[in-house]
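Notes to accompany the following structure.
Lettering of chains follows the sequences in order, A, B, ..., and the numbering in each one begins at 1. As the structure is a computational prediction, the values presented were derived from the model and not from experiment.
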Protein chains: 4
Amino acid sequence: MKVKRKAHPKRTPGRPRSAASRSAILKAAYQLLRERGVTGFTVEGVAARAGAGKATIYRWWHHKGTLAIEAFLVAVVPKLDAARTSSSAVADLRRQVHATASIYRGRVGVLLRELVALGQADPETSRRLRSDFVAPRREAAMVTLRRAQELGEIPAGADLDVLVDALWGPIFHRLLVSHTKIDRRFIDRLLDLVLAGAMQSPGRE
Amino acid sequence: MKVKRKAHPKRTPGRPRSAASRSAILKAAYQLLRERGVTGFTVEGVAARAGAGKATIYRWWHHKGTLAIEAFLVAVVPKLDAARTSSSAVADLRRQVHATASIYRGRVGVLLRELVALGQADPETSRRLRSDFVAPRREAAMVTLRRAQELGEIPAGADLDVLVDALWGPIFHRLLVSHTKIDRRFIDRLLDLVLAGAMQSPGRE
Amino acid sequence: MKVKRKAHPKRTPGRPRSAASRSAILKAAYQLLRERGVTGFTVEGVAARAGAGKATIYRWWHHKGTLAIEAFLVAVVPKLDAARTSSSAVADLRRQVHATASIYRGRVGVLLRELVALGQADPETSRRLRSDFVAPRREAAMVTLRRAQELGEIPAGADLDVLVDALWGPIFHRLLVSHTKIDRRFIDRLLDLVLAGAMQSPGRE
Amino acid sequence: MKVKRKAHPKRTPGRPRSAASRSAILKAAYQLLRERGVTGFTVEGVAARAGAGKATIYRWWHHKGTLAIEAFLVAVVPKLDAARTSSSAVADLRRQVHATASIYRGRVGVLLRELVALGQADPETSRRLRSDFVAPRREAAMVTLRRAQELGEIPAGADLDVLVDALWGPIFHRLLVSHTKIDRRFIDRLLDLVLAGAMQSPGRE
DNA sequence: ACTTAACCGAGACGGTACGTCTGGTCTTACA
DNA sequence: TGTAAGACCAGACGTACCGTCTCGGTTAAGT
């Protein structure tokens with residue numbers, strides 16, 4: 001029941017896609033995004049800087065937004081460090097939220113802000129950003145929270161979805177709406193408030 | 001020996017600004033915004049629909065965003081009903097948050113989402129939206145929360161700024177990032193969580 | 001038989017037209033015309049420089065061209081010296097043509113060129129330029145030519161209209177079409193040619 | 001050992017210019033020019049009528065005038081019939097001048113008038129009109145005149161440049177300045193006058 | 001070695017909106 | 001009524017990007 005993988009496993013005819021071109025485009029796109037923001041981010045500019053043709057870009061990325069988001073993800077995601085675990089799941093969670101906040105304070109925050117903005121007009125951009133950037137971090141928090149429940153650090157009846165929203169919503173709010181500092185003190189107070197609320201949840205039912 | 005400037009010394013020379021033109025432009029802008037969103041919102045389109053010259057628009061609104069935001073505010077703010085008070089400040093707060101959420105669920109939410117996006121690229125737009133739309137609602141909540149403290153419904157030591165952020169952040173997060181429903185059930189759970197957390201605050205110091 | 005000039009001889013009601021404003025406008029218009037040419041000649045610019053309102057300009061000059069032409073005429077015509085007469089009418093004519101050519105060589109030529117251009121699109125401008133600038137000079141030449149006929153210097157049967165056209169057409173041609181020098185040598189050759197032709201005209205019938 | 005570039009080494013990269021677009025633009029431009037004159041001749045109008053983008057027009061024609069002049073030349077020049085020759089060069093010349101005059105009387109005259117006007121503000125327009133429209137006709141006349149000298153119909157010493165100016169200057173003068181009819185009678189009288197003058201030129205020296 | 005098919009860079013194309021500018025009109029308060 | 005100031009409508013200007021298209025030429029896989 002094995003496929004004969006040797007001769008022609010699943011190979012399309014014609015010249016294969018150029019990896020060099022792809023990475024040059026993504027690199028140029030990320031540079032432009034950092035230097036000039038979403039406003040100054042043009043496909044023409046990316047093509048010129050990457051030494052690529054516009055058609056090549058549009059062949060692989062449907063819209064300007066799709067390119068922007070992928071350039072961002074490719075450049076930023078590998079730098080995000082994985083969550084570490086300790087004996088206290090709640091302590092791990094606090095560490096995770098602080099780590100996220102510290103990322104949003106810097107360059108990435110500025111880019112993220114603009115990409116979220118871009119996503120309001122383009123569902124594809126929005127979806128990608130959500131699935132590849134926001135969701136993994138949210139999922140990591142969920143894992144930690146479930147562990148906290150198992151360890152009895154927070155009640156079993158706590159609504160974890162609302163809990164995560166309550167932690168991350170305010171951070172995005174500062175990033176996107178109030179444009180105020182997302183400093184350690186704010187994060188600590190927020191964690192204190194939300195975790196205290198979570199402790200009040202019913203034990204089981 | 002005649003007095004030149006009698007009653008109205010503060011009068012600029014020249015033809016005064018036309019109120020009719022101003023309101024026609026704002027009305028046309030709001031219509032376009034509702035019908036076509038920020039993407040289809042063009043200064044040229046507004047001028048054509050309002051029967052105004054483009055120069056007139058640019059004379060009074062420096063950017064596209066400045067016009068969009070003002071059109072939105074002029075049309076939407078008067079419709080927002082004032083907060084009512086009852087014997088329980090916490091009950092008032094719950095009512096306020098539910099009212100805000102119900103507004104964000106509809107047309108206004110869609111517009112608000114796009115205007116926040118527009119504001120990421122234009123500080124002026126962002127500032128106006130914050131000062132004329134977000135801040136008043138936040139301030140109303142703060143007033144209610146202070147009353148709750150006076151009535152002893154929540155501890156005197158609660159950090160009200162963080163509290164308000166914890167309530168509104170998640171709503172904006174759903175509006176802008178996760179694009180999920182802001183339904184009554186979610187708001188209730190959020191209020192339960194956050195208010196429960198607030199109750200744990202220290203009494204005085 | 002004298003009109004009682006004191007009380008109200010022929011006086012329209014209301015504030016009379018301001019002579020100061022009129023001359024300030026004409027002066028500013030001429031300056032702008034010289035400095036920036038017809039391209040840079042705008043009614044707004046004239047109003048600003050003259051410290052006048054645009055409405056004032058449009059009240060007295062129907063079009064931009066009407067103003068340009070009058071500004072030109074008021075500034076230039078007084079400087080043109082009248083034709084002098086001598087014992088030889090043909091010598092006078094030669095002097096007149098040379099004088100005209102020398103004027104066209106300079107600044108006035110540049111302006112004249114642009115005003116003729118302006119006149120192609122605006123009949124009013126064209127008419128004014130013709131009646132107040134071209135025609136008087138043509139008429140002076142006709143007078144001289146008639147005197148030449150009376151003195152027997154050119155035949156009585158010469159067609160003076162064609163003669164004048166043959167003298168001035170080539171000058172305008174160089175000014176407007178070929179953009180070549182209208183130097184003394186050219187004028188002399190032209191006069192030689194045309195006057196020689198005129199001498200061949202029939203004596204009477 | 002294969003040769004890379006065979007026959008056409010001089011090929012610029014990129015999509016070549018579209019001949020269809022070029023001719024559609026020139027055709028639309030000429031139509032607009034005829035229907036509405038230079039005043040109503042706008043790049044936007046040409047683009048709309050030709051189904052072309054404005055950028056495409058500006059890519060190939062730097063100024064409005066450059067486009068107008070080329071549209072005129074492409075449409076008009078092919079229709080001008082070549083000069084025929086007969087046994088008498090002077091008779092040929094008379095025919096040429098009459099032919100030119102008859103062209104200037106009609107639609108072409110109106111366009112020519114406006115294009116000369118346009119050329120006063122734009123040297124490029126002026127140069128093109130001169131080199132591609134005026135000069136060829138002038139050169140044809142020069143050829144005929146030289147033949148007339150060879151045939152002994154006019155003296156060898158005649159200054160042909162001044163002669164051509166004396167014939168065509170008055171025609172342009174009527175077209176551009178006096179706006180009077182360029183009828184057969186006028187042309188005949190002009191030819192009589194100028195040719196008579198030319199006959200008086202010195203024989204050789 | 002030859003064909004085929006998809007790739008690639010360059011850059012022209014139609015379209016749309018931008019923000020600016022000017023022409024000519026209108027509306028104030030004052031003279 | 002005339003005037004300065006300046007707002008108003010209308011609409012063309014020339015620029016910038018978008019996303020598509022059309023060239024000449026390249027690069028494997030399959031023949």
Side-chain angles (χ1 to χ4, degrees), chain A residues 7-8 11-18 20-21 40-45 47-48 50-64, chain B residues 4-5 8 11-18 20-22 40-45 47-48 50-60 62-64, chain C residues 12-18 20-22 40-45 47-48 50-60 62-64, chain D residues 2 4-5 8 11-18 20-22 40-45 47-48 50-60 62-64:
Chain A
H8 37 65
R11 189 64 166 70
T12 70
R15 177 179 179 174
R17 178 172 182 187
S18 158
S21 180
F41 177 79
T42 68
V43 173
E44 239 153 28
K54 281 169 62 178
T56 303
I57 295 178
Y58 281 108
R59 198 186 335 264
W60 303 110
W61 295 275
H62 293 173
H63 300 290
K64 181 174 133 139
Chain B
K4 248 89 177 251
R5 36 195 86 199
H8 320 285
R11 187 64 168 69
T12 68
R15 178 178 180 174
R17 179 171 182 186
S18 158
S21 182
R22 186 188 114 98
F41 176 78
T42 67
V43 173
E44 241 161 27
K54 282 168 60 178
T56 302
I57 295 178
Y58 282 108
R59 197 183 345 259
W60 302 112
H62 293 175
H63 302 289
K64 184 170 137 151
Chain C
T12 68
R15 178 176 176 176
R17 178 173 182 187
S18 158
S21 179
R22 186 187 115 98
F41 176 80
T42 67
V43 175
E44 237 153 32
K54 281 169 64 178
T56 304
I57 294 178
Y58 281 107
R59 200 190 326 271
W60 302 110
H62 293 173
H63 301 290
K64 180 173 133 143
Chain D
K2 235 175 76 193
K4 247 91 176 249
R5 37 198 83 200
H8 320 286
R11 185 64 167 66
T12 69
R15 181 177 177 175
R17 179 172 182 185
S18 157
S21 180
R22 187 188 114 98
F41 177 80
T42 67
V43 173
E44 240 161 27
K54 281 169 61 177
T56 303
I57 295 178
Y58 283 108
R59 190 170 6 244
W60 302 111
H62 294 176
H63 301 289
K64 183 169 138 150

Next item on the list: Mark yes or no for a side-chain to base donor-acceptor pair under 3.5 Å between A/R15 and F/dA28, with no hydrogen or angle criteria applied.
Entry: no
Next item on the list: Find the distance between CD1 (C/I57) and CZ (C/R59) and round it off to the nearest 0.5 Å.
Entry: 11.5 Å
Using atom [atom1] of [X] as one end and atom [atom2] of [N] as the other, report the distance to the nearest whole Å.
X	N	atom1	atom2	answer
C/I57	E/dT25	CD1	P	13 Å
B/R17	F/dC8	CZ	P	7 Å
D/H63	F/dT15	NE2	P	10 Å

Item checked: First of A/T56 and D/R59 reached from the 5' end of DNA chain E, by closest nucleotide ->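 With A/T56 and D/R59 compared, the 5'-side residue is A/T56.
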Under the rule for side-chain contact (heavy atoms from CB on, under 4.5 Å), what residues qualify as partners of [X], not counting sequence neighbours?
X	answer
D/H62	none
A/R17	A/R22, A/W60, A/W61
C/A52	C/I25, C/A50

Note to self: If the condition is side chain to side chain donor-acceptor pair (under 3.5 Å), which residues does A/K54 pass it with, not counting sequence neighbours?
What the structure shows: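 Result, side chain to side chain donor-acceptor pair (under 3.5 Å) vs A/K54: A/E44.
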Next item on the list: Name the residue closer to the 5' end of DNA chain F, choosing between B/G14 and D/G14 according to the nucleotide with the nearest heavy atom.
Entry: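 First, find each residue's nearest nucleotide; the 5'-ward one identifies B/G14.
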Checklist line | Closest contact, heavy atoms only, B/T56 versus B/S21 | finding: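 Residues B/T56 and B/S21, closest heavy atoms: CG2-OG, 3.9 Å.
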Next item on the list: Specify the closest pair of heavy atoms between B/A47 and B/G53, including all atoms of both residues, with the distance to one decimal.
Entry: CB-C, 4.3 Å
Note to self: Is A/S21 close enough to E/dG9 that one of its side-chain N or O atoms is under 4.0 Å from OP1 or OP2 there?
What the structure shows: yes
Margin query: OP1 or OP2 of E/dC8 versus the side-chain N and O atoms of A/W60: is any pair under 4.0 Å?
Written below: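 The answer is yes; a side-chain N or O of A/W60 sits under 4.0 Å from OP1 or OP2.
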Pairs: protein N or O with nucleotides 15-17 of chain E N or O, under 3.5 Å:
none

Next item on the list: State which of E/dC18, E/dT28, F/dC8 makes the closest approach to the side chain of B/Y58.
Entry: E/dC18
Next item on the list: Would you mind reading off the bend of the helix from E/dA1-F/dT31 to E/dA31-F/dT1 from its two end axes, five pairs each, to 10 degrees?
Entry: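 Roughly 10°, once rounded to the nearest ten degrees.
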